[in-house]
Amino acid sequence: MCAQAQPHLTPEQYLAAERSAEFRHEFYNGQTYAMSGGSFRHAQIIGNLTAELHTGLKKRPCSVVSSELRLRVSPDGLYTYPDVMVICGDPRFADDQRDTLLNPALIVEVLSPSTEAYDRGFKSAQYRTVESLEEYALVSQSEPRVEVFRRQAGAQWLFSEAIGLESVCHFESLDCAVPLSEIYAKVAFSPDDPLASIRPAS
C-alpha cells in the first residue's frame, strides 16, 4: 500500500470519507493507503475460488464475499479489503451501514508481486488477532499453490499447503475441500512459471 500525504484521521473520519470515495483505501494508525488494482489472473483466481466456496457451502449457514466488503481488524487498527472472506453464522458489522465486517471465519489473499511481502508479514500478523478467524489462506498466482494457516489451541497456527493442479486444498474450519484445478481453471501460466512440469496438458 502507498501512503498519501494527509492529516491524522479517526476511524470514523476514514469510514465517512471511504463511503463516498471513488477508489478504495486501507486504513491504519490514522492514515489511509490507496489500494492498487489487480491483474486479470488475480481476478480470475478470486472469481474461481469464490464460486467453488459458494457451491461447497450452499447447504451450510455460511456466506462467501469478495473484496467489495471491508474488514475491521480492530477499532483503532487496520481496516482493509481481503480478496475473499467466509462468514459462518450471523455476520457482525461495525455499525448500521453493514459494510464493515467483524467476524470472518476464513480470509483468503491472492498474492501479487507488489503485495506478497505485505500479505505474508504485516497483514498476516494483523489477521491473526481477529478472534473469529479460524483459517487464513495465501493463494499464488504464479504457480498452483495454496498455503493455509489454521488456528490451534494456545494461540498457535498450523501450516499446510497444496501444490499442483492435481492437489486439493482443505479448509478444515469449513469442512470444505476445493481442487486446485478449479481454483486455477482457465488461468494461463507462462511457460517459465514454477511447477510448469507438474501441470497436466490442456
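Quick note: numbers below take in every heavy atom, side chains included, and nothing from hydrogens, waters or symmetry partners. One is the number of the first residue; the rest follow in order along the sequence.
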Between H54 and V64, is there a donor-acceptor pair closer than 3.5 Å when you use the side chain of the first and the backbone of the second? no
Checking the side chain of D83 only, and the main-chain atoms of L111 only, is there a donor and an acceptor separated by less than 3.5 Å? no
Tell me whether D95 at atom CG has more than 12 heavy atoms from other residues, nucleotides or ligands lying less than 6.0 Å away. yes
Minimum heavy-atom separation for P104 and V130, please, with both atom names. CD-CG1, 4.1 Å
Which pair of heavy atoms, one from C169 and one from V148, lies closest together, and at what distance? SG-CG2, 3.7 Å
Donor-acceptor pair, distance only, cut-off 3.5 Å: does the side chain of S20 make one with the backbone of A17? yes
Kindly assign one of parallel, tilted or perpendicular to the pair Y79 and F27, based on the angle between their ring planes and the thresholds 30° and 60°. perpendicular
Shortest non-hydrogen pair, I87 vs P91, comes out as CG2-CA, 3.8 Å
Kindly indicate, with the supporting measurements, whether the criterion side-chain contact (heavy atoms from CB on, under 4.5 Å) is fulfilled by I183 and E52. CA-CA 8 Å; I183 295 175; E52 289 300 309; 5.6 Å; no
R128 side chain vs W157 backbone, donor-acceptor pair below 3.5 Å: no
Within the supplied structure, the quantity of interest is the number of heavy atoms (other residues, nucleotides, ligands) at a distance under 6.0 Å from E131 CD; does it exceed 12? no
With no hydrogens and no angle check, is any side-chain donor or acceptor of E182 less than 3.5 Å from a backbone partner on P179? no
When every non-hydrogen atom of R145 is compared with those of L180, the smallest separation belongs to N-CD2, 3.9 Å
Determine, using ring centers only, whether F149 and Y127 are less than 6.0 Å apart. no
Once you round to the nearest 0.5 Å, how far does CG of L69 lie from CE of M85? 4.5 Å
Do S112 and Q141 come close enough that some side-chain heavy atom pair is under 4.5 Å? yes
Rounded to the nearest 0.5 Å, the OG1 atom of T32 sits from the CG atom of L9 at a distance of 6.0 Å
Working to the nearest 0.5 Å, report the span between CZ of R19 and OG1 of T100. 5.0 Å
Short side-chain to backbone donor-acceptor contact, E18 and H25, under 3.5 Å: yes
Quick one, L133 and R151 - any side-chain contact, counting heavy atoms below 4.5 Å? yes
Nearest 0.5 Å, what's the CZ-CG distance between R150 and L106? 10.0 Å
Atom pair CG (L49) and CZ (F171), whose distance is rounded to the nearest 0.5 Å: 5.5 Å
Approximate separation, where rounding is to 0.5 Å, of R24 CZ and S67 OG: 4.5 Å
Answer yes or no: is there a side-chain heavy-atom contact under 4.5 Å between T80 and Q126? no
Any idea which heavy atoms bring P82 and E109 closest together, and the distance? CA-OE2, 3.4 Å
Tell me whether F159 shares a hydrophobic cluster with Y136, the cluster being built from Ile, Leu, Val, Met, Phe, Trp, Tyr side chains joined at under 4.5 Å. yes
Using only atom types and a distance under 3.5 Å, with no angle test, would you say the side chain of S39 pairs donor to acceptor with the backbone of H42? yes
With side-chain contact (heavy atoms from CB on, under 4.5 Å) as the test, would you mind laying out the steps for R70 and Q97 before giving the verdict? CA-CA 11 Å; R70 185 169 44 250; Q97 295 292 314; over 6 Å; no
Less than 4.5 Å apart, side chain to side chain, heavy atoms only: is that true for E147 and R120? yes
In terms of hydrophobic clusters joined by side-chain contacts under 4.5 Å, are V168 and Y184 together? no
Can L158 be reached from V146 by stepping across I, L, V, M, F, W or Y side chains whose heavy atoms are under 4.5 Å apart? no
Any donor-acceptor pair under 3.5 Å from R41 side chain to A188 backbone: yes
Please report the C-alpha distance between L101 and F93 in whole Å, then the side-chain angles of each, then the deciding distance to 0.1 Å, and finally whether the side-chain contact (heavy atoms from CB on, under 4.5 Å) criterion is met. CA-CA 5 Å; L101 187 71; F93 298 97; 4.1 Å; yes
Please find the pair of heavy atoms, one from V108 and one from V139, that lie closest to each other, and give the distance. CG1-CG2, 3.6 Å
Side-chain contact, heavy-atom cut-off 4.5 Å: N48 with T50? no
Tell me whether I107 shares a hydrophobic cluster with L102, the cluster being built from Ile, Leu, Val, Met, Phe, Trp, Tyr side chains joined at under 4.5 Å. no
